[in-house]
Amino acid sequence: MDNLTIARVFADVADLLEIKGENPFKIRAYRNGSDTIAHWPDPLATMDEAALRAIPGVGKDLAGKIRELVETGRSAYHQELLQEFPPTILELMTLQGVGPRTVARLHASLGIRTLADLEQAAKDGRIRALKGMGPKKEALILEALDERRRHAGRHLLSDTAETAAALVAWLQTECPATEFIPVGSLRRGCETCGDLDILAVGGTPAVIDRFVTYGLVERVLGQGDTKGSVLLGSGIQADLRLVPVESRGAAMQYFTGSKPHNISVRDRAAGRGLKLNEYGLFDVATGERVAGDSEAGIYERLGLAWVPPELREYRGELEAAESHRLPRLIAREDVLGDLHMHTTETDGRDDLEAMVESARAAGLRYLAITDHSRSLAMANGLDERRVIAQAARIRALNDRLEDFTVLAGIECDIRPDGSMDLADDCLAELDIVVASVHSAFNQDEAQMTDRVLSAIEHPYVDVIGHPTGRLLLKREPYRLQMDRAIAAAAAHGVALEINSQPDRLDLGDTHARLARERGVKLVVSSDAHTRAGLVALRWGVVVARRAWATPDDVLNTRPVEGFRAGLRRNRTRPRSEA
DNA sequence: GCCGTTTTCGGCCCGACTGTTTTCAGTCG
């Protein structure tokens with residue numbers, strides 16, 4: 001049983017307890033536990049009770065339930081709750097404007113169990129008959145059902161960022177006296193965003209009035225003097241919050257989150273006789289405001305270094321901020337080379353020369369061409385003969401270039417049996433080999449793990465490309481024991497890729513952090529298929545930052561000679577040859 | 001249900017908006 005499954009059980013328990021009207025702090029305990037477990041880097045299935053209890057938010061009870069889940073595959077408590085309520089009732093909670101109290105009442109008085117039941121009841125006008133409900137609530141439920149059908153769920157970081165950039169640019173033109181700042185999960189660089197939060201610093205309620213008239217607004221969800229909320233045509237919900245200029249820092253801190261980070265910061269404030277809200281940091285005794293203009297001022301007053309937004313996930317950042325041990329995070333400018341891209345030779349849309357020009361324009365100093373190998377016939381993958389011919393062309397081009405290096409590489413398929421898709425003597429000829437899985441995604445965990453471990457052990461493999469194979473919001477990662485892959489990569493000096501494609505971001509932040517902590521070098525690569533695709537490096541860098549990576553953790557921040565020296569093929573030469 | 005240089009018992013972040021209320025509950029972030 002993996003961590004995500006355990007996390008889901010606890011999240012379900014929290015929802016069910018909420019519907020039941022249980023003690024809110026008990027509910028929070030399950031929810032906190034669920035959130036922590038979902039991002040916990042080590043597999044809980046292999047941990048004993050003492051180790052489990054060392055996880056923050058996991059006490060005697062939760063540790064026992066985790067053991068029960070691991071050993072029996074189920075939790076008696078979870079099952080008990082499911083006897084009281086049908087499992088489908090949890091879907092009702094995902095509707096905008098429908099919370100636990102409403103679900104409980106719908107279930108108790110109308111026997112509603114499913115989304116279909118709810119829709120029928122709303123259409124029949126049975127909702128409005130309930131105490132505390134009315135025609136408007138009924139209409140809202142129908143709208144929420146419709147919206148859920150059309151664009152359920154979350155949005156890629158890059159999509160949210162584009163939406164935000166356009167909206168902020170428009171707002172800035174319409175209301176030049178007000179400053180607009182995107183905050184929330186977008187500012188933290190989360191791989192997907194549920195909605196878009198924007199601050200309007202120093203504006204008047206007229207700014208909210210303007211906001212709801214934005215051309216891409218599909219529906220106004222709410223509008224007051226300090227807050228407006230709209231649904232955009234893309235399905236992204238955007239919230240605009242008005243704050244006074246003197247609260248700029250406090251509001252940025254508050255609305256950037258994450259929730260557990262903020263709870264912890266507030267807790268820390270309370271311990272010092274201070275109260276923190278979106279308007280500032282206040283002395284409880286005197287009511288005096290002691291900070292709030294800037295984020296740094298708030299953290300400083302609490303004895304903390306300013307925490308970069310990407311680290312605000314309650315994963316040890318406050319302890320590091322307190323002891324001034326926060327890492328100097330990698331930035332896009334630190335990346336000097338790009339090690340994964342395709343050309344017209346396989347499934348790319350631009351040729352070798354165009355990719356080089358694009359990389360130069362992006363401020364890079366070197367790149368590696370890594371087209372697909374033979375097995376990927378769909379992409380016109382290269383066999384040994386074509387690989388060698390392409391390498392010759394790359395080297396000829398390289399000889400003509402000044403102040404820039406082009407490396408000859410390949411993205412070589414890892415076959416289902418773990419062998420490489422090209423002959424060893426061919427791979428040996430190249431400057432860099434990225435090995436990736438592109439087939440037989442459905443192998444079981446043992447097969448897939450052995451397969452990837454074989455690749456890591458192969459002497460000419462330098463990097464594992466998009467190690468989990470996930471496609472965000474589309475495809476689950478393949479079943480790979482990541483802790484074993486990371487251990488093997490560390491042992492063999494193989495780097496793991498952070499693939500920057502917005503729908504991959506693979507490795508993700510928690511795995512990348514674990515790899516880094518275990519001594520594995522990372523590379524941030526674009527996997528560009530067009531010359532414009534190199535801009536994706538931006539997103540890979542965000543993931544690396546969320547993994548607490550410094551430039552030193554990422555091989556392609558080094559100048560080309562240092563980079564090449566760090567590749568596995570150049571540092572595992574047998575001693576007799578040295 | 002978790003947790004502890006304030007606490008092993010008694011706390012647990014906090015404010016805005018909506019719809020249904022005639023003073024507030026529910027939802028959201």
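Lettering of chains follows the sequences in order, A, B, ..., and the numbering in each one begins at 1.
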What contact category does Pro135(A) fall into here, base, sugar-phosphate, or nothing, at under 4.0 angstrom with non-hydrogen atoms? sugar-phosphate
Run the numbers on Gln253(A) and Tyr299(A) for side chain to side chain donor-acceptor pair (under 3.5 Å), then give the verdict. CA-CA 9 Å; Gln253(A) 200 285 327; Tyr299(A) 284 102; 3.2 Å; yes
On DNA chain B, nearest-nucleotide positions of Ala29(A) versus Gly222(A): which is more 5'? Ala29(A)
Rounding to the closest angstrom, what is the interatomic distance between dG15(B) and dG10(B) at atom C1'? 24 Å
Contact under 4.0 Å: Asn277(A) side-chain N or O vs dC14(B) OP1/OP2: no
Using the P atom in both, what is the distance from dC17(B) to dC12(B), to the nearest Å? 25 Å
Roughly, in whole Å, what's the span from CG in Leu130(A) to P in dT21(B)? 11 Å
Pairs touching residues 300-311 of chain A that satisfy salt bridge (Lys or Arg N to Asp or Glu O under 4.0 Å), sequence neighbours left out: Glu310(A)-Arg545(A)
Taking atom C1' in both dG11(B) and dT6(B), compute the distance separating them and give it to the nearest angstrom. 11 Å
May I ask you to evaluate whether Lys136(A) reaches the phosphate of dT21(B), defined as a side-chain N or O under 4.0 Å from OP1 or OP2? no
Checking Arg504(A) against Gln501(A): is there a side-chain donor and acceptor pair closer than 3.5 Å? no
For Gly33(A), report the nucleic acid contact type (base, sugar-phosphate, nothing); a contact means any heavy atom under 4.0 Å. nothing
For atom CG of Leu242(A) and atom P of dG15(B), their distance in whole Å: 18 Å
Are any non-hydrogen side-chain atoms of Leu232(A) and Gln237(A) less than 4.5 angstrom apart? no
With P as the reference atom in both, quote the distance from dA16(B) to dT20(B) in angstrom, rounded to an integer. 22 Å
Spell out protein contact along nucleotides 22-29 of chain B as letters: B when the base is contacted, S when just the sugar-phosphate is, - when no protein heavy atom is under 4.0 Å; keep the 5' to 3' order. ----SSSB
Separation of the P atoms in dT21(B) and dG26(B), to the nearest angstrom: 13 Å
Pairing partner (Watson-Crick or G-U wobble, both distances under 3.5 angstrom) of dT18(B): dA25(B)
Using a cut-off of less than 4.0 Å, is there contact between a side-chain N or O of Tyr279(A) and OP1 or OP2 of dA16(B)? yes
Between dC13(B) and dT8(B) - C1' atom distance, rounded Å: 24 Å
Give every pair of a protein N or O atom and an N or O atom of nucleotides 9-12 of chain B that lie under 3.5 Å apart, one pair per line with the distance.
{"from": "dC12(B)", "atom 1": "O3'", "to": "Arg28(A)", "atom 2": "NH1", "distance (Å)": "3.4"}

Show the atom names and distances, to 0.1 Å, of all donor-acceptor pairs under 3.5 Å that link a side chain in residues 181-192 of chain A to residues at least two apart or in another chain.
{"from": "Arg187(A)", "atom 1": "NH1", "to": "Thr256(A)", "atom 2": "OG1", "distance (Å)": "2.8"}
{"from": "Arg187(A)", "atom 1": "NH1", "to": "Glu295(A)", "atom 2": "OE2", "distance (Å)": "2.9"}
{"from": "Arg187(A)", "atom 1": "NH2", "to": "Glu295(A)", "atom 2": "OE1", "distance (Å)": "3.0"}
{"from": "Arg188(A)", "atom 1": "NE", "to": "Glu313(A)", "atom 2": "OE2", "distance (Å)": "2.8"}
{"from": "Arg188(A)", "atom 1": "NH1", "to": "Thr256(A)", "atom 2": "O", "distance (Å)": "2.7"}
{"from": "Glu191(A)", "atom 1": "OE1", "to": "Arg470(A)", "atom 2": "NH2", "distance (Å)": "3.0"}
{"from": "Glu191(A)", "atom 1": "OE2", "to": "Arg470(A)", "atom 2": "NH1", "distance (Å)": "3.2"}
{"from": "Thr192(A)", "atom 1": "OG1", "to": "Arg154(A)", "atom 2": "NE", "distance (Å)": "2.8"}

Taking CZ from Arg272(A) and P from dT5(B), how many angstroms apart are they, rounded to a whole number? 13 Å
Donor-acceptor side-chain pairing of Ser229(A) and Gln223(A) below 3.5 angstrom: no
Separation of the P atoms in dT7(B) and dT22(B), to the nearest angstrom: 47 Å
Earlier contact from the 5' end, DNA chain B, for Arg266(A) and Gly132(A): Arg266(A)
Rounded distance (Å) that lies between atom P of dT20(B) and atom CD1 of Ile127(A): 12 Å
Scan Ile27(A) against the nucleic acid and name what it touches under 4.0 Å (heavy atoms): base, sugar-phosphate only, or nothing. nothing
Could I get the full list of ring-ring contact (aromatic ring centres under 6.0 Å, His included) partners for Tyr214(A), not counting sequence neighbours? Trp170(A)
Quick one: does NZ or CZ of Lys65(A) land under 6.0 Å from the six-membered ring centre of Tyr77(A), within 45 degrees of the ring axis? yes
Salt bridge (Lys or Arg N to Asp or Glu O under 4.0 Å) pairs, two or more places apart, involving residues 260-279 of chain A: Arg268(A)-Glu322(A)
